[in-house]
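A short worksheet on the structure shown next.
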Amino acid sequence: MPDLVSTAQQSTAWPFEEARKLVARIERTGQKAVLFETGYGPSGLPHIGTFGEVARTTMVRNAFRILTEDRIPTRLLCFSDDMDGMRKVPDNVPNRDALTEFLHRPLSSVPDPFGEFESFGHHNNAMLRRFLDTFGFDYEFASATDYYTSGRFDPILRLIAERYQAVMDIMLPTLGEERRSTYSCFLPISPKSGRVLYVPMKQVDGANGTVTFEDEDGVDVTVPVTGGHVKLQWKPDFGARWAALGVDFEMYGKDHQPNTVVYDSICRVLGAEAPEHFVYELFLDDKGQKISKSKGNGITIDDWLKYASPESLALFMFSKPREAKKLYFDVIPRQVDDYLTFLEKFPGQPIKEQLGNPVFHIHGGRPPAVETISDASNHATTVSFAMLLNLVAVANSEDPQVLWGFLRRYSPTVSAENHLGLARMVGYAVAYFRDFVRPSKVYREPTEAERSALGDLATALTEHVGSTDGNALQAVIYEVGRAHFPDLSGKSKSPDGRPGVSQSWFSTIYQVLLGADRGPRFGSFAALYGVSETCELIRKGLDGSLMADHQHFLASRN
RNA sequence: GAGCGCGUAGCUCAGCCGGUAGAGCAAUUGACUUUUAAUCAAUAGGUCCUGGGUUCGAGUCCCAGCGCGCUCACCA
């Protein structure tokens with residue numbers, strides 16, 4: 001498929017642009033493999049930025065594989081810095097008090113507050129892996145604790161001890177006056193307390209590979225830099241890891257950008273070539289503020305996946321990684337529908353456009369076929385999320401079956417069994433209804449006149465229990481409405497010439513029974529919802545329990 | 001102050017290698033509806049932030065300016 005490769009070489013899609021840097025790199029160095037890395041700080045659960053990093057890195061990796069036709073093996077390493085000290089007890093874990101005594105210990109030496117894993121670090125690592133696995137990412141997991149204690153970092157640690165001054169010469173000018181006097185790129189683990197110490201080195205012995213420092217009890221201690229007795233300070237840790245593992249590509253957020261020079265310099269001082277970088281913009285919350293784990297603003301991966309597919313989130317990550325984008329609930333429906341549109345267009349596009357189509361990158365070059373439903377005249381169409389959201393609001397129900405009922409009005413044969421993708425979307429739409437539409441509902445009490453009319457309606461409907469004839473039920477509604485709320489303007493008339501029904505009758509039904517100003521054609525609604533259920537709904541509207549239920553619902557959300 | 005990004009229809013945004021300005025929503029009108037919602041069809045709506053430059057031709061490329069946003073101690 002040389003056509004694909006040559007087109008990819010010209011493609012302006014950002015994963016190809018990044019991948020071409022890597023192609024140039026291997027041509028320059030002659031290396032026979034390429035290593036992608038993403039970093040993860042396990043002081044909390046994986047967040048949406050973690051997903052973005054892995055997803056985007058995977059897109060570059062796939063682009064690289066296409067450009068090189070898989071002649072160069074690639075790996076993606078997800079590196080967890082679980083030896084980092086726990087600086088504060090996270091807010092969102094149980095047994096917080098029990099953790100306090102383990103402050104500043106490496107996360108892999110802090111007990112798991114959930115009581116499930118060997119340590120808190122192990123717990124969070126497991127969460128990360130479970131999360132990456134649910135998306136089907138191809139990656140290798142790496143634990144900093146494992147790498148340090150197993151001796152895998154020993155050569156680089158000895159090298160840093162030897163070239164200590166060179167590393168410090170890079171670091172010191174970047175630091176403030178105060179920090180400069182105590183800074184060390186080695187952070188010893190106290191043999192006595194087990195805590196990660198931010199203390200000055202009294203001596204660094206490059207020949208023997210040891211450091212001497214004052215322990216917490218005031219006694220000088222000498223430990224080897226190897227074997228996990230010492231870990232590296234953040235910035236040297238980046239550069240050293242790149243050098244030790246031979247990392248070729250790592251992307252990170254804009255907040256890291258000023259440090260790029262420092263990381264790279266340290267990597268070079270340690271005799272390695274710095275990796276290729278890609279700096280992406282940060283995500284903003286609904287108020288335009290940066291999303292961060294510590295602030296807890298913005299939305300989580302779970303939030304997103306409650307209302308939309310992983311693919312729609314992947315689309316969000318693909319689009320414009322260099323722009324600060326709002327990442328909030330209200331962007332979700334658009335991403336879902338854009339994804340469907342891109343998927344729909346893909347098969348008919350020339351290769352060049354396919355390579356720029358997000359679904360190409362989301363699906364590693366092999367996007368699936370889009371799902372369609374056929375209407376009565378056998379015209380195939382895709383069901384958009386926007387339309388489903390409208391439908392679910394009209395159906396006024398969290399019961400997916402009611403929604404399927406509405407869908408079958410358009411496409412009689414459609415079902416959850418023959419439309420798996422649509423079934424997923426129905427679930428998302430129901431969740432969206434529950435969390436965003438339903439809370440905005442306002443039920444009101446009927447007036448005396450309305451009360452009487454609704455009572456008559458319930459009585460009249462009782463004679464039609466079991467009916468699924470929307471038109472017949474609609475006729476009942478008109479009959480009752482005509483008796484209580486005739487339209488005297490003469491504008492609307494029934495087919496047989498009698499006076500029509502006032503608009504206010506329908507408003508009453510929607511406001512009292514559905515908590516909205518507008519709603520579905522009520523006869524059709526009753527047919528799908530069930531006549532006896534509809535009578536029950538009217539009864540609850542009359543005795544005030546719809547209002548009370550809604551109050552309870554609202555209260556239960558807080 | 002430095003770095004990065006943004007400025008296109010009422011709103012949210014697309015706009016690829018420079019070639020007659022696009023979508024969704026909102027609005028208006030119509031079809032179907034004895035109300036509504038949905039669906040379908042149509043209409044209207046823009047000094048592409050400003051000023052220069054390159055070019056036969058600039059929303060697009062270059063320079064300058066204006067406005068807005070984010071990041072930039074320590075820690076990761």
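Proteins come first, then strands; the chains are lettered A, B, ... in the order of their sequence lines, and each starts at number 1. Side chains included, hydrogens not; waters and symmetry mates left out as well; all remaining heavy atoms used.
Spacing of P atoms, C70(B) relative to C56(B), comes out at 43 Å, to the nearest Å. Atom name P, nucleotides U39(B) and C72(B): the rounded distance is 44 Å, in whole Å. Here the separation of A27(B) from A2(B), taken at their C1' atoms, is 45 Å to the nearest Å. Separation of the P atoms belonging to A26(B) and G18(B) is 36 Å when rounded to the nearest angstrom. Taking atom P in both U34(B) and G24(B), one finds a spacing of 29 Å when rounded to whole Å. As rounded to the nearest Å, A9(B) and A14(B) have C1' atoms that lie 13 Å from one another. The separation of G22(B) from A64(B), taken at their C1' atoms, amounts to 30 Å, rounded to a whole angstrom. Rounded to whole Å, the P atom of U8(B) lies 14 Å from the corresponding atom of G15(B).
With sequence neighbours left out, R444(A) forms a side-chain hydrogen bond (donor to acceptor under 3.5 Å, both in side chains) with E450(A), Q511(A). With sequence neighbours left out, R20(A) forms a side-chain hydrogen bond (donor to acceptor under 3.5 Å, both in side chains) with no residue at all. Scored by the side-chain hydrogen bond (donor to acceptor under 3.5 Å, both in side chains) test, K21(A) finds E18(A) as partners (sequence neighbours excluded). Evaluation of the salt bridge (Lys or Arg N to Asp or Glu O under 4.0 Å) rule for E371(A) yields no partner, not counting sequence neighbours. Applying the ring pair (Phe, Tyr, Trp, His ring centres under 6.0 Å) test to Y478(A) and every residue at least two apart in sequence or in another chain returns F506(A). Taking F316(A) as the reference, F283(A), W304(A) meet the ring pair (Phe, Tyr, Trp, His ring centres under 6.0 Å) condition, with sequence neighbours excluded. For E250(A), there are no salt bridge (Lys or Arg N to Asp or Glu O under 4.0 Å) partners, not counting sequence neighbours. Partners of E177(A) under the salt bridge (Lys or Arg N to Asp or Glu O under 4.0 Å) rule, at least two apart in sequence or in another chain, do not exist in this structure.
For the pair L175(A) CG and A76(B) P, the computed distance is 12 Å after rounding to whole Å. As a whole-Å value, the separation of K345(A) NZ from A23(B) C1' is 9 Å. Between the NZ atom of K325(A) and the C1' atom of C70(B) there is a distance of 15 Å, rounded to whole Å. Per the geometry, CH2 belonging to W404(A) stands 17 Å off C1' belonging to A38(B), to the nearest Å. L172(A) places its CG atom 12 Å from the P atom of C74(B), with the value rounded to the nearest Å. Per the geometry, CG belonging to L389(A) stands 17 Å off P belonging to G24(B), to the nearest Å. One atom, CZ of F342(A), and another, P of A23(B), lie 16 Å apart when rounded to the nearest Å. Rounded to whole Å, the distance from OH on Y328(A) to P on C70(B) is 17 Å.
For Q474(A) and U35(B), a side-chain-to-base donor-acceptor distance below 3.5 Å is present, hydrogens and geometry of angles not being considered.
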Pairs under 3.5 angstrom, nitrogen or oxygen only, protein versus nucleotides 31-33 of chain B, please.
unit_1: U33(B); atom_1: O2'; unit_2: R521(A); atom_2: NH1; d: 3.0

Between the protein and nucleotides 16-19 of chain B, which nitrogen or oxygen pairs come in under 3.5 angstrom?
unit_1: C17(B); atom_1: OP1; unit_2: T12(A); atom_2: OG1; d: 3.2
unit_1: C17(B); atom_1: N3; unit_2: K352(A); atom_2: NZ; d: 2.4
unit_1: C17(B); atom_1: N4; unit_2: K352(A); atom_2: NZ; d: 2.6

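The pairing partner recorded for C56(B) is G19(B), the criterion being a Watson-Crick or G-U wobble arrangement whose two distances lie under 3.5 angstrom. When Watson-Crick and G-U wobble pairs are counted only if both distances are under 3.5 Å, G46(B) pairs with no nucleotide at all. Across all strands shown, C40(B) is found opposite G30(B) as a Watson-Crick or G-U wobble partner, with both distances under 3.5 Å. Base-pair partner of C4(B): G69(B) (Watson-Crick or G-U wobble, both distances under 3.5 Å).
A salt bridge links R195(A) with E216(A): the distance from a Lys NZ or Arg NE/NH1/NH2 to an Asp or Glu carboxylate oxygen falls below 4.0 Å. Salt bridge D330(A)/K326(A): present, at least one basic N to carboxylate O contact under 4.0 Å. Residues K320(A) and E281(A) are not paired through a salt bridge, judged by the lack of any N-O separation under 4.0 Å between the basic side chain and the carboxylate.
Within the nucleic acid shown, E177(A) has no heavy atom closer than 4.0 Å to any nucleic acid atom. Note on D81(A): only backbone sugar-phosphate atoms sit closer than 4.0 angstrom, heavy atoms only; bases stay farther off.
For A475(A) and Y198(A), each mapped to the nucleotide of RNA chain B holding its nearest heavy atom, the one lying further toward the 5' end belongs to A475(A).
Checking C75(B), U71(B), A76(B) against the side-chain heavy atoms of L282(A) singles out U71(B) as nearest. Of the candidates U34(B), G69(B), A76(B), A76(B) carries the atom nearest the D255(A) side chain, counting heavy atoms from C-beta on.
Because its glycosidic torsion is within 90° of 0, C17(B) is reported here as syn.
Residue ring and base: Y478(A) counts as stacked with U34(B) (centre distance below 5.5 Å, interplanar angle below 30°).
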Side chain to side chain donor-acceptor pair (under 3.5 Å) for D456(A) and H484(A)? Distances and angles first, verdict last. CA-CA 9 Å; D456(A) 284 358; H484(A) 288 268; 2.6 Å; yes

Per-nucleotide protein contact string for nucleotides 2-13 of chain B, where B marks a base within reach and S marks sugar-phosphate only (heavy atoms under 4.0 Å, - for neither): -BBSS-----BS

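Between Y198(A) and S184(A), the side chains place no donor N or O within less than 3.5 Å of an acceptor N or O (distance only, hydrogens not considered).
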Mind listing the side-chain donor-acceptor pairs of residues 399-407 of chain A below 3.5 Å, one per line with the distance, residues two or more places apart or on another chain?
unit_1: D399(A); atom_1: OD1; unit_2: Q401(A); atom_2: N; d: 2.9

